[in-house]
Amino acid sequence: MTKRLQARRLDGIDQNLWVEFGKLTKEYDVVNLGQGFPDFSPPDFATQAFQQATSGNFMLNQYTRAFGYPPLTNVLASFFGKLLGQEMDPLTNVLVTVGAYGALFTAFQALVDEGDEVIIMEPAFDCYEPMTMMAGGCPVFVTLKPVFSRMELELVANLCQQHDVLCISDEVYQWLVYDGHQHVSIASLPGMWDRTLTIGSAGKSFSATGWKVGWVMGPDNIMKHLRTVHQNSIFHCPTQAQAAVAQCFEREQQHFGQPSSYFLQLPQAMELNRDHMIRSLQSVGLKLWISQGSYFLIADISDFKSKMPDLPGAEDEPYDRRFAKWMIKNMGLVGIPVSTFFSRPHQKDFDHYIRFCFVKDKATLQAMDERLRKWKELQP
């Protein structure tokens, strides 16, 4: 065909690092510390809930309510309503989506109009910019410093209210906080519930990223527009996965705040993994930003940039992308270049960092240790 096939909203967003690095990962013998997913089993109660959902009530093989399986929206409204200080209606304040990714896409499509400015705090998940552009919006980037305090969060909340701005808060790592720190949902701050969408993920909450169950919560006057997008696109999410997540939250609701709570056990275990990775990466001379939450550590590769400035790659390719590819091919380790999470004009300023995922099995961390020992032996 001679005419243009693709819609103009796809211009400039066809490249994807995850596709490129996924291909490289398969071509080489590597320890994958790149993409953020656990390589260990979800907790027993979660896998049992999924098995029950697939082998029990045969009606779970059929459609459920378009906006969410009722037992799931009920428990989400109850559980998060207490945390956010709101009386949440499961029919109007909660929407179940195909992962947090689906929640984000639905929110952008519902609320971003042609020419709207969307303020993105960077580093940011790399889908925010293309989702903004596909909706016709104009991304505006604000670069964070390595510290983000409650006081700054309150400042953001005040600015939202002062300028009548909606807030989309991606809180998938809500439970993964370390060193005694506490997660603060911006929707819980005074005046913010009425203008905030809070997004969560069962995959991150229960270490089951393949289930692809997410949700978005907020006031009905905003949520009704997301429901319009949802009913005219996805319409419905898999019933069995929703049923399993509902059981997981019902169990967690009974144990929340106790030592038996998975939302306490998971961060305790992952903090040990984080500390293991810190020691291991430091052994080869990597300087680290110690994360207070999430799945990831950030390594500063400035010293390597000065020692190995001419790594192969395209002329305009950020150094950290070239270093990450070198590391895959020569050291058998996968990390993600942090410049990916910055806007193009700012990538050169942040091209000396690599992200590593520590939410991994002990065997994976031991394999990492072995690769790092070999790396250290090659150093002068």
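These figures come from a predicted structure and were not determined experimentally.
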Residues 113-126, side-chain donor-acceptor partners within the protein, below 3.5 Å, at least two apart:
from   : atom 1 : to     : atom 2 : distance (Å)
Asp116 : OD2    : Asp113 : N      : 2.8
Glu122 : OE1    : Ser343 : N      : 2.6
Glu122 : OE1    : Ser343 : OG     : 3.2
Glu122 : OE2    : Thr143 : OG1    : 3.0
Glu122 : OE2    : Ser343 : OG     : 3.3
Glu122 : OE2    : His346 : ND1    : 2.3
Asp126 : OD1    : Trp18  : NE1    : 3.1
Asp126 : OD2    : Trp18  : NE1    : 2.9

Looking only at non-hydrogen atoms, find the nearest pair between [X] and [Y] and report the distance.
X	Y	result
Thr239	Tyr63	OG1-C, 3.8 Å
Arg321	Thr340	NH1-OG1, 3.9 Å
Ala135	Phe108	CB-O, 3.6 Å
Thr196	Ser169	CG2-CB, 4.3 Å
Ala53	Leu60	O-CD1, 3.7 Å
Tyr262	Glu252	N-OE1, 3.1 Å

To the nearest 0.5 Å, how far apart are [atom1] in [X] and [atom2] in [Y]?
X	Y	atom1	atom2	answer
Leu95	Met217	CG	CE	11.5 Å
Leu266	Leu176	CG	CG	4.5 Å
Leu5	Leu10	CG	CG	11.0 Å
Ile222	Thr92	CD1	OG1	12.0 Å
Asn158	Cys160	CG	SG	9.0 Å
Ile186	Trp193	CD1	CH2	13.5 Å

Do the two ring centres, one from [X] and one from [Y], sit under 6.0 Å apart?
X	Y	answer
Phe304	Trp375	yes
Phe263	Phe206	yes
Trp215	Phe249	yes

[X] side chain to [Y] main-chain N or O, any donor-acceptor pair under 3.5 Å?
X	Y	value
Asp300	Lys287	no
Tyr319	Lys348	no
Gln379	Val284	yes
Glu20	Gln15	no
Asp320	Ser339	yes
His230	Phe235	yes
Gln247	Ala243	no

Do [X] and [Y] have side-chain heavy atoms sitting under 4.5 Å apart?
X	Y	result
Met131	Tyr128	no
Met308	Phe323	yes
Val30	Met327	no
Ile301	Leu286	yes
Leu264	Gln258	no
Leu297	Arg274	yes
Arg9	Met133	no
Leu33	Met277	yes

Can you confirm whether the side chains of [X] and [Y] place a donor and an acceptor under 3.5 Å from each other?
X	Y	value
Asn32	Thr25	no
His255	Ser260	yes
Ser78	Lys82	yes
Gln242	Thr64	no

Residues [X] and [Y] bridged, charged N to O under 4.0 Å:
X	Y	value
Glu129	Arg344	no
Glu370	Arg373	yes
Arg227	Asp220	yes
Asp29	Arg371	yes
Arg322	Asp351	no
Asp164	Arg195	yes
Arg150	Glu154	yes
Lys145	Glu152	no

Does [X] have more than 12 heavy atoms from other residues, nucleotides or ligands lying within 6.0 Å of its [atom1]?
X	atom1	value
Lys362	NZ	no
Phe105	CZ	no
Arg8	CZ	no
Phe148	CZ	yes

Next item on the list: Report the C-alpha distance between Ser291 and Arg355 in whole Å, list the side-chain angles of each, state the deciding distance to 0.1 Å, and finish with yes or no for side-chain contact (heavy atoms from CB on, under 4.5 Å).
Entry: CA-CA 11 Å; Ser291 59; Arg355 190 192 80 172; over 6 Å; no
Notebook entry, point to check: Same cluster for Val96 and Ile199 if Ile/Leu/Val/Met/Phe/Trp/Tyr side chains link at under 4.5 Å?
Noted result: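 Looking at the clustering, Ile199 is in a separate group from Val96.
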Next item on the list: Could you walk me through whether Lys325 and Phe21 pass the side-chain contact (heavy atoms from CB on, under 4.5 Å) test, one step at a time?
Entry: CA-CA 8 Å; Lys325 292 175 184 177; Phe21 272 65; 4.1 Å; yes
Item checked: Listed partners of Trp211 passing ring-ring contact (aromatic ring centres under 6.0 Å, His included), at least two apart ->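 Trp211 satisfies ring-ring contact (aromatic ring centres under 6.0 Å, His included) with Phe50 once adjacent residues are dropped.
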Next item on the list: Take the angle between the ring planes of Tyr295 and Tyr173 and call it parallel below 30°, perpendicular above 60°, tilted in between.
Entry: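 If you compare the ring of Tyr295 with that of Tyr173, the planes turn out perpendicular.
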Check: With ILVMFWY side chains joined below 4.5 Å, transitively, what does Ile234's cluster contain besides itself?
Finding: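 Answer for Ile234: Val98.
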Next item on the list: Validate the cation-pi geometry between Lys360 and Phe37: distance from NZ or CZ to the six-membered ring centre under 6.0 Å, angle to the ring axis within 45°.
Entry: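 The answer is yes, since Lys360 meets both limits relative to Phe37.
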Next item on the list: Check the pair Lys212, Tyr101 against side-chain contact (heavy atoms from CB on, under 4.5 Å), reporting the backbone distance first and the verdict last.
Entry: CA-CA 9 Å; Lys212 290 299 289 182; Tyr101 219 90; 4.0 Å; yes
Checklist line | Test side-chain contact (heavy atoms from CB on, under 4.5 Å) applied to Leu24 and Lys329, step by step | finding: CA-CA 8 Å; Leu24 276 174; Lys329 296 173 184 178; 4.1 Å; yes
